[in-house]
Amino acid sequence: MKKTGPVEIVKPKDLQEAIALVRKGGMPLAGGTDVFVRIRKGFWDPPFLVYIGELPELRGIEFREDGAEVGAAVTHAELLRSKLPQKLPIFRLVLEKLGAPAIREMGTIGGNVANASPAGDTLIPLYLLEARVNTVGPEGERSLPIEEFILGPGKTALKPGEIIRSFWIPFPGGEPEAYFHKVGRRRALYIAVLSLGALVWLDGEVIQDARLALGAVAPTVIRARGVEEELRGRRLVREDLEPLCDKLAATTRPITDVRGPDWYRREATGRLLLGLLRLRRDTA
Amino acid sequence: MRISFTLNGRRVEVDVPPGRRLLDLLREDLGLTGTKEGCGEGECGACTVLVNGRPRLSCLTAAIQVDGKEVLTIEGLRENGELHPLQRAFVEAAGVQCGFCTPGFIMAAYALLKENPDPTPQEVKDWLSGNLCRCTGYQQIVEAVLLAAKYMRDG
Ligand SMILES: Cc1cc2nc3c(=O)[nH]c(=O)nc-3n(C[C@H](O)[C@H](O)[C@H](O)COP(=O)(O)OP(=O)(O)OC[C@H]3O[C@@H](n4cnc5c(N)ncnc54)[C@H](O)[C@@H]3O)c2cc1C
Ligand code: FES
Ligand code: FES
């Protein structure tokens, strides 16, 4: 995709051949929204790309009683059009704010996760729902919890030759309210400066249980488990949430980069917690 | 590599490197220069085309990714020599100044109106958030899309 000439791309005939090609040093190519940008900018220079975006084994969404299996090469737009957002509204909230329509048509959930960006938007629902990553490689299949799969910025537990085949997304019990707020530079387009996603189980205004995931405030997406615990039994009112803002801010380990200084992120993160007040039915 | 796809309703077969950008394939190999290159990095939407009816950025699409698919570019919108209602509305509502961004906006809007024939102004803005225009200030573009929607609904 460089101006100097097209990068070499191989289209494997099946999953086995794809694995063999990746084992030989080929870089997986799904939607290309990251790969082509980075090659063009000169950040990456893979010997060749292996086009896995249309492999049947990586496509499709299968719904079961207790969860959904989502193929790695399913695009963001396909997810939005599927029944998944109905079952799990957190996906609708997140995916509607991911890029713009063309990026959503091209980009895949597998590519987003394999990037392991601390600002990767699909990681928020995957962390909240405690999804598993199903991989396939020269030594067969593996399945890892998302939090063990993502190791650091751009780092995953994938071994040489392994690719992500699918995600197992368990449906949580009950009917949690879903919340997502992303602070970014330009509306709808591009990478979060910081983000908070939440699932909150309410009984009236009392919080029965809560899960919180923060994006772009640490080397990986993180769950704020300490704050989750403290939320239990509190009411969803300002007086009850305010004392926890500092605690949420303290869970962050921001890295100052081009997208905003870390003092800003730490302070702003704490205040994000108050956004949960919007989940109150009476104020909706 | 030989790839074949449908381009604006006609079947084409070309011999290209699989990594050739769809943008270059269209503009340089096939002479369809309506599709524009702005940033080349996914940020401006000037290169938007439809693949199987859905918007895609041709600057971030490799030839191999459209093999066997249907591609629609701005050149494919005219019917029987007449401007498409979107093209007409962009001209009438002054949604075009220098015109560089226009094919991308029209292709993106085309995809929107197919799915949602009667969008609200906010829905139009949200949908076009991936397209940049340095001239018009967007208001006229939104108006043009709403006007086109009306033309298309009225037949
Ligand atoms: C203009 C623009 C806006 C964007 N906005 C957002 C945004 O708002 N939020 C956001 O999170 N991201 C955003 N992105 C980033 C990108 O679109 C997403 O990360 C997307 O989901 C990547 O998917 P892809 O299929 O295009 O990945 P690709 O570019 O094809 O691949 C990305 C990486 O993943 C690897 N890979 C892909 N599939 C697999 C697999 N199955 N197994 C193993 N490795 C694999 C590739 O080798 C590569 O390293 C944006 C990008 C652009 C250009
Ligand atoms: S040229 Fe493709 S998005 Fe700008
Ligand atoms: S009319 Fe000039 S960039 Fe939009």
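The model shown is predicted, which means the values in this text are computed figures rather than measured ones. Letters go in sequence order (proteins before strands), and every chain restarts at 1.
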I'd like to know which of B/Pro17, B/Ala108, B/Pro55, B/Gly45 tops the heavy-atom pair count under 4.5 Å against chain A. B/Pro55

Note: vs chain B, highest number of non-hydrogen pairs under 4.5 angstrom among A/Lys11, A/Glu105, A/Met106 is A/Met106

Can you name the closest pair of heavy atoms from A/Phe36 and B/Ala62 and give their distance? CZ-CB, 3.8 Å

Does CZ in A/Arg271 sit with more than 12 non-hydrogen atoms of other residues, nucleotides or ligands closer than 6.0 Å? no

Interatomic distance, CZ@B/Arg54 vs CZ@A/Arg81, rounded to 0.5 Å, equals 3.5 Å

Measuring from B/Glu43:CD to A/Ile103:CD1, what's the distance to the nearest 0.5 Å? 8.0 Å

Pick one of side chain, backbone, both or neither for B/Cys39, based on which atoms fall under 4.5 Å of a heavy atom in chain A. backbone

Return yes when atom CZ of B/Arg2 has more than 12 non-hydrogen atoms of other residues, nucleotides or ligands closer than 6.0 Å, and no otherwise. yes

Can you tell me if CD on B/Glu13 sees more than 12 non-hydrogen neighbours from other groups inside 6.0 Å? yes

With a 6.0 Å cut-off (strictly less than), is the heavy-atom count around CZ of B/Arg153, excluding the residue itself, greater than 12? yes

Looking at every non-hydrogen atom in both residues, tell me the closest pair between B/Gly40 and A/Arg40 and how far apart they are. O-CD, 3.2 Å

Can you check whether B/Pro18's main-chain N or O pairs, donor with acceptor, with A/Glu8's side chain at less than 3.5 Å? no

